[in-house]
Amino acid sequence: MQAAEFAATLAGAQYPFRLTPEQAVTAKAHGLVVVYGASDDLIEFEGAIYDEQGAYNGTVALVDAKGLLPAREQIEDDDELRDYFARQPGAASIEALWDSEGYSWTYRTTIPHATFEVMEGDEPYCRGIVFALADAKQGPSA
């Protein structure tokens, strides 16, 4: 399954949004990552990555083919720090934008992706993205 096909199955979902267990298994089996916002302070990753990162007022998350890199300011262990600096040059960025384009959350990235809309009642809440984890590598600036 490709990112666009999977994103189409998510279109129009209601907030608060989570993948169903079946959707999570399907995304993971196809190496797909679903990115969306939760509340006013989180960027969520589900599927081939299952993680979250603080994003109050927006943030930039780094992703490579191994998954989500931890937020730099939260790394305390020397081994984790060495791993971060080894992975960071090849990681692609996903910029989480708060209150943008009529949504609470939108995302900007150079990773090839498809989008889907999460609604809060009749109002747009989030324009999430779906991408193949294998495509998460550094490219031109986001």
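Each residue takes its place number in the sequence, starting with 1. We use all heavy atoms of the structure for the numbers below, so side chains are in, but hydrogens, waters and symmetry mates are not. Keep in mind that this is a model prediction, so the values were computed, not measured.
- Listed by first and then second residue, the ring-ring contact (aromatic ring centres under 6.0 Å, His included) pairs that reach into residues 44-87 come to none, sequence neighbours excluded.
- Under a hydrophobic-cluster definition in which Ile, Leu, Val, Met, Phe, Trp and Tyr are linked whenever side-chain heavy atoms come within less than 4.5 Å, directly or via other members, L19 and Y107 are assigned to the same cluster.
- Proximity of R72 to L81: side-chain heavy atoms (C-beta onward) are separated by under 4.5 Å at one or more points.
- In the model, E117 has no side-chain atom that pairs as donor or acceptor with a side-chain atom of Y125 under 3.5 Å.
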**OP:** Output, in order, the C-alpha distance, side-chain angles, deciding distance and verdict of side chain to side chain contact (heavy atoms under 4.5 Å, CB included) for T109 and E95.
**Re:** CA-CA 6 Å; T109 184; E95 184 178 7; over 6 Å; no

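- Here CG of L32 is found 13.5 Å from NE2 of H113. Values are rounded to the nearest 0.5 Å.
- The closest side-chain heavy-atom distance from V33 to V130 is not below 4.5 Å.
- In this structure, the side chains of H30 and T26 come closer than 4.5 Å at one or more pairs of heavy atoms.
- Within 6.0 Å of CD on Q2 lie no more than 12 heavy atoms contributed by other residues, nucleotides or ligands.
- Atom CE of M119 sits about 8.0 Å away from atom OH of Y103, to the nearest 0.5 Å.
- Ring geometry for F17 versus F116: interplanar angle of 30 to 60°, hence tilted.
- With rounding to the nearest 0.5 Å, the separation of CZ in R127 from OG1 in T115 is 6.0 Å.
- Between the side chain of S100 and the backbone N or O of L97 there is no donor-acceptor pair closer than 3.5 Å.
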**OP:** For the pair K137 and D64, evaluate side chain to side chain contact (heavy atoms under 4.5 Å, CB included) and give the outcome as yes or no after the intermediate values.
**Re:** CA-CA 5 Å; K137 55 188 173 288; D64 66 10; over 6 Å; no

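- Residue V60 is not grouped with residue L42 when hydrophobic side chains (ILVMFWY) are merged at heavy-atom distances under 4.5 angstrom, including chains of intermediate members.
- In this structure, A114 and A7 approach most closely via the heavy-atom pair CB-CB, 3.8 Å.
- Between F6 and Q23, the shortest heavy-atom contact is CZ-O, 3.5 Å.
- You'll find the side chain of I94 reaches within 4.5 Å of the side chain of I43, heavy atoms only.
- To the nearest 0.5 Å, atom CD of residue E76 and atom CD of residue E80 are 8.5 Å apart.
- Side-chain atoms of W105 come within 3.5 Å of backbone atoms of S39 as a donor-acceptor pair (strictly under, hydrogens ignored).
- Contact check for V63 versus L133: side-chain heavy atoms found under the 4.5 Å cut-off.
- Between the CZ atom of R108 and the OG1 atom of T106 there is a distance of 7.5 Å, given to the nearest 0.5 Å.
- By the 4.5 Å heavy-atom criterion applied to side chains, P112 and F131 are not counted as neighbours.
- A salt bridge links R18 with E44; the closest basic N to acidic carboxylate O contact falls under 4.0 Å.
- One hydrophobic cluster, built from ILVMFWY side chains closer than 4.5 Å, holds both V35 and L68.
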Original post:
Going through the checks in order, is the side chain to side chain contact (heavy atoms under 4.5 Å, CB included) test met by E5 and T9?
Top reply: CA-CA 7 Å; E5 182 182 358; T9 70; 5.5 Å; no

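- Residue Q14 qualifies as enclosed at atom CD: its count of foreign heavy atoms under 6.0 Å is above 12.
- Residues V25 and V34 do not share a hydrophobic cluster, defined by chaining ILVMFWY side chains whose heavy atoms lie under 4.5 Å apart.
- The cluster map of Ile, Leu, Val, Met, Phe, Trp and Tyr, joined by side-chain heavy atoms under 4.5 Å apart, puts Y15 and I129 in the same cluster.
- The closest side-chain heavy-atom distance from E46 to D51 is not below 4.5 Å.
- Within the model, atoms CG of D135 and OG1 of T110 stand 10.5 Å from one another, a figure rounded to the nearest 0.5 Å.
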